[in-house]
Amino acid sequence: MIITYERPTDLHEEQTDPDAPAADMAPGADVDPRVPVCGATTHDVAGAHWTCTRPPQHDDDEHRAVFDRYHGGPVGQVAIAWAYDWGGAGHGPSSTEPMTTVTVTVRFPSTAWTNEQLPESIADQVRMAFWECDHDDVEVTTTATSTPRAQAGCTPAGGRGAWPASGRPWRRPAPTPLARLRR
């Protein structure tokens, strides 16, 4: 993260900074928490938590947080601005062309599949590995397929190379208590 603007500490609390970038704020975001905003967060050098108050899907990399009535400063003026790319504001995404492809194969028993949205859940976890400003440029494709697999030591029904009609591998039945006594 690169801090592109931080309000100078030598200004009076209500004094505006002529060098501050424009707020480009979602209308009402400085007074109404229900107004949808970008929502990217950061901490300044002093450790204060800030949330980007620009509209969702703003068209450059720079995030800006304004003073509200709870932070000391002129309400509606930019307190801090930051970016995640070295390109800075106005340069947009770092690249629109995929540059790297990573292939991951996950295999597990179908009985472990407990979530209908598992492919999308995996895709969301992959996206979390990237900076939030790059999520629009990260392409994640998931597919799920299930195939029966042979159990070690099992043979298809009758040894003829075909699985039973149930589709499950053939298994030797467990001995009954009476069969154990006959041994």
Novice: Write down the atom of Pro18, the atom of Thr16, and the distance for their closest heavy-atom approach.
Specialist: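 Smallest interatomic distance, heavy atoms only, reads CD-O, 3.6 Å.
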Novice: Quick one: pull up CD1 in Ile80 and CD1 in Ile3 and give me the separation to the nearest 0.5 Å.
Specialist: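 With rounding to 0.5 Å, CD1 (Ile80) is 4.5 Å from CD1 (Ile3).
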Novice: For the atom pair CZ (Arg7) and CG (Asp19), what is the distance rounded to the nearest 0.5 Å?
Specialist: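 Arg7 CZ to Asp19 CG: 11.5 Å, rounded to 0.5 Å.
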Novice: With clusters defined by side-chain heavy atoms of hydrophobic residues (ILVMFWY) lying less than 4.5 Å apart, directly or transitively, does Met25 cluster with Val37?
Specialist: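 Unlinked, Val37 and Met25 end up in two clusters.
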Novice: Using every non-hydrogen atom in the two residues, find where Pro74 and Phe67 come nearest and quote the distance to one decimal.
Specialist: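 That would be O-CB, 3.3 Å.
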Novice: So, the side chain of Thr42 versus the backbone of Trp50: is there a donor-acceptor pair under 3.5 Å, distance only?
Specialist: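 The answer is no, because no donor-acceptor pair under 3.5 Å joins these two groups.
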Novice: Taking the side chain as everything from C-beta on, heavy atoms only, tell me whether Pro8 gets closer than 4.5 Å to Gln15.
Specialist: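 SC-SC contact between Pro8 and Gln15 ruled out.
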Novice: Looking at CG of Asp61 and NE2 of His63, how far apart are the two atoms once the value is rounded to the nearest 0.5 Å?
Specialist: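 These two atoms lie 7.5 Å from each other.
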Novice: Identify the heavy atoms of Thr41 and Trp82 that sit nearest to each other, and give their distance.
Specialist: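 That closest heavy-atom pairing would be C-CZ2, 4.0 Å.
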Novice: Using every non-hydrogen atom in the two residues, find where Thr53 and Val66 come nearest and quote the distance to one decimal.
Specialist: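 Scanning both residues, the minimum pair turns out to be OG1-N, 3.4 Å.
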Novice: How would you list, by chain and number, every residue that makes a side-chain contact (heavy atoms from CB on, under 4.5 Å) with Asp124, sequence neighbours excluded?
Specialist: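 Asp124: side-chain contact (heavy atoms from CB on, under 4.5 Å) contacts with Glu120, Arg127.
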Novice: When rounded to the nearest 0.5 angstrom, what distance separates CZ in Arg64 from NE2 in His58?
Specialist: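 Interatomic distance, Arg64 CZ to His58 NE2, rounded to 0.5 Å: 8.5 Å.
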Novice: Between Arg54 (side chain only) and Glu62 (backbone N and O only), is there a donor and an acceptor less than 3.5 Å apart?
Specialist: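 Judged by distance alone, yes, a pair lies under 3.5 Å.
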Novice: Which heavy atom of Pro36 sits nearest a heavy atom of Ala26, and at what distance?
Specialist: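 Heavy atoms only, the tightest pair is O-CB, 3.6 Å.
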Novice: Any idea which heavy atoms bring Tyr5 and Ala79 closest together, and the distance?
Specialist: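 Scanning both residues completely, I find the closest heavy atoms to be CE2-O, 3.9 Å.
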Novice: Who passes side-chain contact (heavy atoms from CB on, under 4.5 Å) against Pro27, sequence neighbours left out?
Specialist: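 By the side-chain contact (heavy atoms from CB on, under 4.5 Å) rule, Pro27 matches no residue at all.
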